Number of protein chains: 2
Amino acid sequence: MSSEGLWSRTRRTAIAEITEVAMELFLAKGFEATTFDDIAAASGVSRRSVLRYFGTKEDIVLGRLADEGRRVRTVLAARPDDEPLWTALLNTMVTLSEEPGVDRERLLKVSEMMYGTPSLRARSVEKHLQWQTDLIPEVARRLGGGPDDDLTTLRATAVIAGAVACLDVAGETWTRRKGVVPLRDLLTAAFDSLRDAT
Amino acid sequence: MSSEGLWSRTRRTAIAEITEVAMELFLAKGFEATTFDDIAAASGVSRRSVLRYFGTKEDIVLGRLADEGRRVRTVLAARPDDEPLWTALLNTMVTLSEEPGVDRERLLKVSEMMYGTPSLRARSVEKHLQWQTDLIPEVARRLGGGPDDDLTTLRATAVIAGAVACLDVAGETWTRRKGVVPLRDLLTAAFDSLRDAT
DNA sequence: TGCCTATTTGACACTCAGTGCCAGAAGGTC
DNA sequence: GACCTTCTGGCACTGAGTGTCAAATAGGCA
(Lines give C-alpha, C1' and ligand atoms only; values in the text may rest on other atoms or scores of the structure.)
Protein backbone atom coordinates (compact mmCIF):
# COMPACT_ATOMS: atom_id res chain seq x y z
CA MET A 1 0.00 0.00 0.00
CA SER A 2 2.28 2.75 1.16
CA SER A 3 5.73 2.79 -0.29
CA GLU A 4 6.96 3.20 3.25
CA GLY A 5 8.22 0.00 4.76
CA LEU A 6 7.17 -1.43 8.07
CA TRP A 7 10.55 -0.48 9.48
CA SER A 8 10.07 3.24 9.28
CA ARG A 9 6.38 3.02 10.19
CA THR A 10 7.04 1.15 13.41
CA ARG A 11 9.95 3.44 14.05
CA ARG A 12 7.74 6.51 13.90
CA THR A 13 5.05 5.03 16.11
CA ALA A 14 7.69 3.82 18.54
CA ILE A 15 9.18 7.29 18.74
CA ALA A 16 5.74 8.79 19.28
CA GLU A 17 4.86 6.32 22.01
CA ILE A 18 8.15 6.63 23.82
CA THR A 19 7.90 10.40 23.66
CA GLU A 20 4.42 10.27 25.13
CA VAL A 21 5.44 7.99 27.98
CA ALA A 22 8.63 9.92 28.67
CA MET A 23 6.85 13.27 28.79
CA GLU A 24 4.46 11.91 31.39
CA LEU A 25 7.41 10.81 33.49
CA PHE A 26 9.20 14.13 33.04
CA LEU A 27 6.15 16.09 34.12
CA ALA A 28 5.51 13.75 37.04
CA LYS A 29 9.00 13.23 38.47
CA GLY A 30 10.92 16.05 36.87
CA PHE A 31 13.24 15.97 33.90
CA GLU A 32 16.54 15.35 35.64
CA ALA A 33 15.13 12.82 38.07
CA THR A 34 13.88 10.65 35.22
CA THR A 35 16.44 8.18 33.89
CA PHE A 36 16.63 6.28 30.65
CA ASP A 37 15.99 3.15 32.67
CA ASP A 38 12.70 4.64 33.87
CA ILE A 39 11.69 5.51 30.34
CA ALA A 40 12.68 2.12 28.99
CA ALA A 41 10.78 0.30 31.72
CA ALA A 42 7.68 2.43 31.27
CA SER A 43 7.62 2.10 27.51
CA GLY A 44 8.49 -1.58 27.27
CA VAL A 45 11.59 -1.05 25.15
CA SER A 46 15.16 -1.65 26.09
CA ARG A 47 17.25 1.22 27.40
CA ARG A 48 19.58 0.71 24.46
CA SER A 49 16.79 1.25 21.95
CA VAL A 50 15.52 4.39 23.65
CA LEU A 51 19.04 5.74 23.45
CA ARG A 52 19.23 4.77 19.80
CA TYR A 53 16.02 6.58 19.00
CA PHE A 54 16.82 9.81 20.83
CA GLY A 55 20.48 9.99 21.75
CA THR A 56 19.84 12.37 24.62
CA LYS A 57 17.00 13.03 27.04
CA GLU A 58 16.85 16.59 25.77
CA ASP A 59 16.02 15.29 22.32
CA ILE A 60 12.96 13.49 23.67
CA VAL A 61 11.56 16.84 24.71
CA LEU A 62 12.89 19.01 21.91
CA GLY A 63 13.16 16.49 19.10
CA ARG A 64 10.57 18.00 16.87
CA LEU A 65 12.14 21.43 17.31
CA ALA A 66 14.83 20.40 14.85
CA ASP A 67 12.37 19.86 12.02
CA GLU A 68 10.89 23.25 12.79
CA GLY A 69 13.96 24.85 11.26
CA ARG A 70 12.83 23.83 7.78
CA ARG A 71 9.30 24.80 8.67
CA VAL A 72 10.37 28.33 9.64
CA ARG A 73 12.16 28.69 6.39
CA THR A 74 9.13 27.57 4.41
CA VAL A 75 6.81 29.96 6.20
CA LEU A 76 9.17 32.88 5.74
CA ALA A 77 9.62 32.08 2.06
CA ALA A 78 5.85 32.17 1.68
CA ARG A 79 5.61 35.75 2.96
CA PRO A 80 5.15 38.31 0.17
CA ASP A 81 8.36 39.72 -1.22
CA ASP A 82 7.30 43.30 -0.77
CA GLU A 83 6.71 42.86 2.94
CA PRO A 84 9.43 44.56 4.98
CA LEU A 85 11.89 41.98 6.29
CA TRP A 86 11.29 42.67 9.96
CA THR A 87 7.52 42.45 9.50
CA ALA A 88 7.89 39.25 7.53
CA LEU A 89 9.94 37.72 10.32
CA LEU A 90 7.42 38.77 12.93
CA ASN A 91 4.57 37.32 10.91
CA THR A 92 6.51 34.12 10.43
CA MET A 93 6.93 33.72 14.17
CA VAL A 94 3.27 34.53 14.77
CA THR A 95 2.18 31.99 12.18
CA LEU A 96 4.33 29.30 13.73
CA SER A 97 3.16 30.09 17.23
CA GLU A 98 -0.45 29.75 16.20
CA GLU A 99 -0.24 26.40 14.49
CA PRO A 100 -3.14 24.26 15.66
CA GLY A 101 -2.91 20.92 17.36
CA VAL A 102 -1.08 22.09 20.45
CA ASP A 103 -2.55 21.61 23.88
CA ARG A 104 -2.03 24.94 25.62
CA GLU A 105 -1.96 23.53 29.14
CA ARG A 106 0.56 20.93 28.21
CA LEU A 107 2.71 23.39 26.28
CA LEU A 108 2.80 25.60 29.35
CA LYS A 109 3.95 22.72 31.52
CA VAL A 110 6.63 21.74 29.04
CA SER A 111 7.76 25.34 28.73
CA GLU A 112 8.03 25.69 32.47
CA MET A 113 10.08 22.53 32.59
CA MET A 114 12.29 23.84 29.81
CA TYR A 115 12.97 27.23 31.32
CA GLY A 116 13.56 25.58 34.68
CA THR A 117 16.07 23.03 33.40
CA PRO A 118 19.43 24.47 32.29
CA SER A 119 20.35 21.60 30.00
CA LEU A 120 16.99 21.80 28.25
CA ARG A 121 17.22 25.53 27.92
CA ALA A 122 20.68 25.18 26.45
CA ARG A 123 19.51 22.61 23.95
CA SER A 124 16.64 24.81 22.94
CA VAL A 125 19.02 27.67 22.25
CA GLU A 126 21.16 25.30 20.22
CA LYS A 127 18.21 24.43 18.03
CA HIS A 128 17.51 28.11 17.53
CA LEU A 129 21.09 28.59 16.42
CA GLN A 130 20.35 25.97 13.79
CA TRP A 131 17.32 27.94 12.68
CA GLN A 132 19.59 30.90 12.10
CA THR A 133 21.68 28.89 9.69
CA ASP A 134 18.57 27.61 7.95
CA LEU A 135 17.18 31.09 7.43
CA ILE A 136 20.31 32.82 6.16
CA PRO A 137 19.72 32.15 2.43
CA GLU A 138 16.16 33.46 2.41
CA VAL A 139 16.98 36.53 4.50
CA ALA A 140 20.09 37.24 2.47
CA ARG A 141 17.92 37.13 -0.65
CA ARG A 142 15.51 39.63 0.86
CA LEU A 143 18.39 41.87 1.86
CA GLY A 144 19.33 41.88 -1.80
CA GLY A 145 22.66 40.11 -1.59
CA GLY A 146 23.98 36.70 -2.43
CA PRO A 147 24.56 34.18 0.35
CA ASP A 148 28.22 34.06 -0.60
CA ASP A 149 28.73 37.70 0.22
CA ASP A 150 30.34 37.92 3.65
CA LEU A 151 28.82 41.24 4.62
CA THR A 152 25.37 40.14 3.54
CA THR A 153 25.75 36.95 5.56
CA LEU A 154 26.75 38.95 8.63
CA ARG A 155 23.82 41.29 8.20
CA ALA A 156 21.38 38.44 7.62
CA THR A 157 22.66 36.53 10.62
CA ALA A 158 22.38 39.60 12.84
CA VAL A 159 18.80 40.24 11.79
CA ILE A 160 17.79 36.61 12.24
CA ALA A 161 19.54 36.42 15.60
CA GLY A 162 17.60 39.49 16.66
CA ALA A 163 14.32 37.95 15.57
CA VAL A 164 15.06 34.66 17.29
CA ALA A 165 16.04 36.58 20.41
CA CYS A 166 12.61 38.23 20.29
CA LEU A 167 11.02 34.81 20.02
CA ASP A 168 12.93 33.62 23.06
CA VAL A 169 12.02 36.66 25.09
CA ALA A 170 8.36 36.39 24.13
CA GLY A 171 8.30 32.70 24.90
CA GLU A 172 9.92 33.16 28.26
CA THR A 173 7.53 35.95 29.18
CA TRP A 174 4.57 33.90 27.99
CA THR A 175 5.67 31.08 30.25
CA ARG A 176 6.40 33.30 33.23
CA ARG A 177 2.95 34.87 32.87
CA LYS A 178 1.41 31.37 32.84
CA GLY A 179 0.18 31.78 29.29
CA VAL A 180 -2.39 34.44 30.08
CA VAL A 181 -0.95 36.98 27.65
CA PRO A 182 -1.30 35.82 24.03
CA LEU A 183 2.06 34.93 22.54
CA ARG A 184 1.14 36.93 19.48
CA ASP A 185 0.99 40.12 21.53
CA LEU A 186 4.27 39.38 23.25
CA LEU A 187 5.96 38.70 19.94
CA THR A 188 4.63 41.95 18.50
CA ALA A 189 5.78 43.88 21.56
CA ALA A 190 9.25 42.36 21.42
CA PHE A 191 9.69 43.01 17.69
CA ASP A 192 8.40 46.56 18.10
CA SER A 193 10.75 47.19 20.99
CA LEU A 194 13.77 46.20 19.01
CA ARG A 195 12.60 48.28 16.07
CA ASP A 196 12.09 51.39 18.19
CA ALA A 197 15.15 51.00 20.37
CA THR A 198 17.64 50.62 17.58
CA MET B 1 48.85 41.53 55.63
CA SER B 2 45.82 40.94 53.51
CA SER B 3 42.57 40.25 55.27
CA GLU B 4 42.16 37.36 52.87
CA GLY B 5 43.09 34.02 54.42
CA LEU B 6 45.44 31.52 52.91
CA TRP B 7 42.51 29.30 52.07
CA SER B 8 40.99 31.62 49.51
CA ARG B 9 44.39 32.72 48.25
CA THR B 10 45.53 29.19 47.52
CA ARG B 11 42.13 28.49 46.10
CA ARG B 12 42.48 31.29 43.58
CA THR B 13 45.98 30.32 42.55
CA ALA B 14 44.90 26.69 42.32
CA ILE B 15 42.02 27.63 40.04
CA ALA B 16 44.34 29.73 37.90
CA GLU B 17 46.90 26.97 37.61
CA ILE B 18 44.41 24.25 36.86
CA THR B 19 42.78 26.45 34.26
CA GLU B 20 46.14 27.06 32.63
CA VAL B 21 47.04 23.38 32.52
CA ALA B 22 43.58 22.34 31.36
CA MET B 23 43.50 24.85 28.53
CA GLU B 24 46.78 23.51 27.25
CA LEU B 25 45.31 20.02 27.23
CA PHE B 26 42.11 21.18 25.56
CA LEU B 27 44.01 22.94 22.80
CA ALA B 28 46.35 19.99 22.36
CA LYS B 29 43.97 17.01 22.49
CA GLY B 30 40.63 18.67 21.98
CA PHE B 31 38.01 19.58 24.54
CA GLU B 32 35.91 16.45 24.51
CA ALA B 33 38.88 14.11 24.34
CA THR B 34 40.31 15.58 27.53
CA THR B 35 39.00 13.97 30.70
CA PHE B 36 39.00 15.15 34.28
CA ASP B 37 41.51 12.41 34.98
CA ASP B 38 43.86 13.94 32.43
CA ILE B 39 43.49 17.37 33.99
CA ALA B 40 43.94 16.04 37.49
CA ALA B 41 47.05 14.11 36.54
CA ALA B 42 48.58 17.05 34.68
CA SER B 43 47.89 19.56 37.44
CA GLY B 44 48.86 17.35 40.37
CA VAL B 45 45.50 17.61 42.10
CA SER B 46 42.97 14.89 42.63
CA ARG B 47 40.14 14.45 40.17
CA ARG B 48 37.72 15.12 43.00
CA SER B 49 39.25 18.50 43.72
CA VAL B 50 39.21 19.59 40.11
CA LEU B 51 35.54 18.71 40.02
CA ARG B 52 34.99 20.64 43.22
CA TYR B 53 36.64 23.72 41.78
CA PHE B 54 34.84 23.75 38.47
CA GLY B 55 31.89 21.43 38.48
CA THR B 56 31.97 20.97 34.73
CA LYS B 57 34.61 21.03 32.01
CA GLU B 58 32.74 23.84 30.35
CA ASP B 59 33.27 26.00 33.42
CA ILE B 60 37.02 25.61 33.14
CA VAL B 61 36.88 27.30 29.76
CA LEU B 62 34.07 29.77 30.40
CA GLY B 63 34.40 30.34 34.12
CA ARG B 64 35.36 33.95 33.98
CA LEU B 65 32.56 34.69 31.53
CA ALA B 66 30.15 34.66 34.46
CA ASP B 67 31.84 37.56 36.20
CA GLU B 68 31.73 39.48 32.96
CA GLY B 69 28.02 40.01 33.47
CA ARG B 70 28.67 42.52 36.22
CA ARG B 71 31.44 44.05 34.16
CA VAL B 72 29.07 44.62 31.23
CA ARG B 73 26.64 46.30 33.52
CA THR B 74 29.29 48.60 34.92
CA VAL B 75 30.53 49.63 31.50
CA LEU B 76 27.01 50.30 30.24
CA ALA B 77 26.17 52.33 33.32
CA ALA B 78 29.23 54.46 32.64
CA ARG B 79 28.01 55.47 29.19
CA PRO B 80 26.54 58.97 29.08
CA ASP B 81 22.83 59.14 29.72
CA ASP B 82 22.10 61.16 26.60
CA GLU B 83 23.66 58.53 24.35
CA PRO B 84 20.99 56.63 22.40
CA LEU B 85 20.46 53.20 23.94
CA TRP B 86 21.49 51.19 20.91
CA THR B 87 24.67 53.22 20.52
CA ALA B 88 25.44 52.85 24.21
CA LEU B 89 25.08 49.09 23.93
CA LEU B 90 27.32 48.96 20.88
CA ASN B 91 29.96 51.06 22.60
CA THR B 92 29.74 48.85 25.66
CA MET B 93 30.44 45.77 23.58
CA VAL B 94 33.28 47.50 21.77
CA THR B 95 34.84 48.60 25.05
CA LEU B 96 34.66 45.09 26.45
CA SER B 97 36.04 43.54 23.32
CA GLU B 98 39.06 45.83 23.42
CA GLU B 99 40.10 45.23 27.01
CA PRO B 100 43.81 44.69 27.14
CA GLY B 101 45.61 41.67 28.46
CA VAL B 102 44.21 39.18 26.01
CA ASP B 103 46.45 37.17 23.75
CA ARG B 104 44.84 37.38 20.34
CA GLU B 105 46.25 34.13 19.03
CA ARG B 106 45.12 32.27 22.08
CA LEU B 107 41.69 33.87 22.05
CA LEU B 108 41.25 32.76 18.47
CA LYS B 109 42.14 29.19 19.34
CA VAL B 110 39.78 29.17 22.30
CA SER B 111 37.02 30.69 20.17
CA GLU B 112 37.50 28.09 17.48
CA MET B 113 37.24 25.39 20.11
CA MET B 114 34.11 26.99 21.52
CA TYR B 115 32.30 27.35 18.23
CA GLY B 116 33.33 23.85 17.28
CA THR B 117 32.09 22.23 20.48
CA PRO B 118 28.30 22.19 20.92
CA SER B 119 28.33 21.87 24.69
CA LEU B 120 30.71 24.80 25.01
CA ARG B 121 28.71 26.89 22.62
CA ALA B 122 25.56 26.14 24.56
CA ARG B 123 27.20 27.05 27.83
CA SER B 124 28.43 30.29 26.37
CA VAL B 125 24.93 31.22 25.28
CA GLU B 126 23.71 30.36 28.77
CA LYS B 127 26.16 32.82 30.24
CA HIS B 128 24.92 35.44 27.83
CA LEU B 129 21.40 34.80 29.02
CA GLN B 130 22.68 35.67 32.47
CA TRP B 131 24.06 38.94 31.12
CA GLN B 132 20.59 39.76 29.91
CA THR B 133 19.23 39.49 33.41
CA ASP B 134 22.09 41.58 34.76
CA LEU B 135 21.49 44.36 32.26
CA ILE B 136 17.71 44.66 32.57
CA PRO B 137 17.67 47.29 35.36
CA GLU B 138 20.05 49.65 33.60
CA VAL B 139 18.37 49.29 30.21
CA ALA B 140 14.92 49.63 31.74
CA ARG B 141 16.08 52.84 33.37
CA ARG B 142 17.28 54.18 30.05
CA LEU B 143 14.00 53.21 28.44
CA GLY B 144 12.35 55.40 31.04
CA GLY B 145 10.42 52.76 32.92
CA GLY B 146 10.76 51.06 36.24
CA PRO B 147 12.10 47.52 36.37
CA ASP B 148 8.85 46.36 37.92
CA ASP B 149 6.85 47.32 34.86
CA ASP B 150 6.19 44.16 32.86
CA LEU B 151 6.11 45.86 29.48
CA THR B 152 9.31 47.75 30.18
CA THR B 153 10.99 44.53 31.25
CA LEU B 154 9.90 42.83 28.04
CA ARG B 155 11.16 45.72 25.94
CA ALA B 156 14.44 45.89 27.82
CA THR B 157 14.97 42.15 27.51
CA ALA B 158 14.24 42.23 23.79
CA VAL B 159 16.72 45.04 23.19
CA ILE B 160 19.42 43.38 25.26
CA ALA B 161 18.81 40.04 23.59
CA GLY B 162 19.22 41.75 20.23
CA ALA B 163 22.47 43.35 21.32
CA VAL B 164 23.82 40.09 22.71
CA ALA B 165 22.80 38.36 19.50
CA CYS B 166 24.87 40.91 17.61
CA LEU B 167 27.81 40.16 19.88
CA ASP B 168 27.45 36.45 19.16
CA VAL B 169 27.23 36.97 15.44
CA ALA B 170 30.22 39.30 15.42
CA GLY B 171 32.22 36.90 17.56
CA GLU B 172 31.41 33.96 15.37
CA THR B 173 32.29 35.85 12.22
CA TRP B 174 35.51 37.10 13.80
CA THR B 175 36.43 33.53 14.57
CA ARG B 176 35.45 32.16 11.20
CA ARG B 177 37.54 34.86 9.53
CA LYS B 178 40.52 33.86 11.72
CA GLY B 179 40.51 37.20 13.48
CA VAL B 180 41.62 39.20 10.46
CA VAL B 181 38.62 41.56 10.57
CA PRO B 182 38.65 43.73 13.71
CA LEU B 183 35.90 42.71 16.09
CA ARG B 184 35.02 46.38 16.47
CA ASP B 185 34.08 46.60 12.80
CA LEU B 186 32.04 43.40 12.92
CA LEU B 187 30.18 44.62 15.98
CA THR B 188 29.41 47.91 14.30
CA ALA B 189 28.23 46.15 11.17
CA ALA B 190 25.98 43.80 13.15
CA PHE B 191 24.45 46.58 15.23
CA ASP B 192 23.93 48.71 12.13
CA SER B 193 22.29 45.81 10.30
CA LEU B 194 19.76 45.26 13.01
CA ARG B 195 19.08 48.98 13.18
CA ASP B 196 18.51 49.27 9.47
CA ALA B 197 16.59 46.04 9.02
CA THR B 198 14.03 46.64 11.69
C1' DT C 1 54.67 25.77 71.46
C1' DG C 2 50.79 22.77 71.71
C1' DC C 3 45.78 22.20 71.42
C1' DC C 4 41.21 22.90 69.29
C1' DT C 5 38.14 23.94 65.56
C1' DA C 6 36.87 24.75 60.81
C1' DT C 7 37.89 23.91 56.21
C1' DT C 8 39.90 21.42 52.49
C1' DT C 9 41.61 17.45 50.32
C1' DG C 10 41.91 12.85 48.37
C1' DA C 11 40.02 8.35 48.05
C1' DC C 12 36.35 5.29 47.42
C1' DA C 13 31.94 3.96 45.97
C1' DC C 14 28.09 5.07 43.46
C1' DT C 15 24.49 6.62 39.74
C1' DC C 16 23.63 7.77 35.26
C1' DA C 17 24.49 9.29 30.31
C1' DG C 18 26.27 7.75 26.30
C1' DT C 19 29.05 4.41 22.99
C1' DG C 20 30.76 0.10 20.88
C1' DC C 21 29.98 -4.48 19.92
C1' DC C 22 27.71 -8.66 18.84
C1' DA C 23 24.41 -12.34 18.55
C1' DG C 24 19.82 -13.06 17.45
C1' DA C 25 15.21 -11.65 15.81
C1' DA C 26 12.35 -9.69 12.32
C1' DG C 27 11.32 -7.37 7.86
C1' DG C 28 12.07 -7.50 2.79
C1' DT C 29 13.34 -9.91 -1.59
C1' DC C 30 13.99 -13.46 -4.83
C1' DG D 1 12.11 -21.38 1.92
C1' DA D 2 16.84 -19.25 1.38
C1' DC D 3 19.13 -15.06 1.76
C1' DC D 4 20.18 -10.35 2.82
C1' DT D 5 19.38 -6.21 5.40
C1' DT D 6 17.98 -3.77 9.33
C1' DC D 7 16.67 -3.48 13.97
C1' DT D 8 16.73 -5.02 18.80
C1' DG D 9 18.38 -6.15 23.31
C1' DG D 10 22.05 -7.36 26.21
C1' DC D 11 26.70 -6.71 27.82
C1' DA D 12 30.64 -4.20 28.85
C1' DC D 13 32.87 -0.02 28.94
C1' DT D 14 34.25 5.09 29.53
C1' DG D 15 33.47 9.36 31.57
C1' DA D 16 30.76 13.02 34.12
C1' DG D 17 29.17 14.20 38.32
C1' DT D 18 27.69 13.36 43.53
C1' DG D 19 27.89 11.75 48.43
C1' DT D 20 30.63 10.44 52.13
C1' DC D 21 34.33 10.08 55.25
C1' DA D 22 38.80 9.98 57.26
C1' DA D 23 43.12 12.38 57.02
C1' DA D 24 45.59 16.69 56.32
C1' DT D 25 46.03 21.53 56.96
C1' DA D 26 45.16 26.48 58.24
C1' DG D 27 43.79 29.82 61.86
C1' DG D 28 42.93 31.06 66.48
C1' DC D 29 43.95 30.69 71.31
C1' DA D 30 46.02 29.54 75.76
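Just so it is clear, the model here is predicted, and its values are computed rather than measured. Below, read A as the first sequence line, B as the second, and so on, with proteins coming before strands; counting in each chain starts at 1.
Salt-bridge check for A:K109 with A:E112: failed, with every basic side-chain N at 4.0 Å or more from each acidic carboxylate O. Comment: A:R123 engages A:D59 in a salt bridge, judged by a side-chain N to carboxylate O separation of less than 4.0 angstrom. Ion pairing of B:E58 with B:K127 is absent here, as no side-chain N (NZ or NE/NH1/NH2) approaches a carboxylate O to less than 4.0 Å.
Spacing between atom CD1 of A:I39 and atom P of C:dT15 amounts to 18 Å, rounded to whole angstrom units. What separates NZ of A:K29 from P of C:dT15 is a distance of 14 Å, to the nearest Å. Distance CD1 (A:I18) to C1' (D:dG9): 13 Å, rounded to an integer number of Å. The distance from atom CG of A:L51 to atom C1' of D:dG15 is 15 Å, rounded to the nearest whole Å. As rounded to whole Å, 14 Å separates atom P of D:dA16 from atom CZ of B:R123. Straight-line distance from the CD1 atom of B:I60 to the P atom of D:dG15: 15 Å, rounded to whole Å. Look at NZ on A:K57: it is 16 Å from P on C:dT15, rounded to the nearest Å. In this structure, A:R48 places its CZ atom 14 Å from P of D:dC11, rounding to the nearest Å.
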Apply salt bridge (Lys or Arg N to Asp or Glu O under 4.0 Å) to the pair A:E32 and A:K57, showing each step before the final yes or no.
-> CA-CA 9 Å; A:E32 300 184 321; A:K57 270 201 290 181; over 6 Å; no
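Taking all atoms of both residues into account, the shortest heavy-atom contact from A:G171 to A:Y115 is C-OH, 3.3 Å.
B:Y53 comes within 4.0 angstrom of the backbone, heavy atoms only, and of no base. Counting non-hydrogen atoms under 4.0 angstrom, A:T34 reaches the backbone sugars and phosphates but no base.
OP1 or OP2 of C:dG10 has at least one side-chain nitrogen or oxygen of B:S49 nearer than 4.0 Å.
Each of A:R47 and B:G44 lies near DNA chain C, and the nucleotide nearest B:G44 is the one positioned closer to the 5' end. With the nearest nucleotide of DNA chain D identified for both B:R52 and B:G55, B:G55 has the one nearer the 5' end.
For A:E58, the side-chain atoms get nearest to C:dG18 when compared with the rest of C:dG18, D:dG9, C:dG10.
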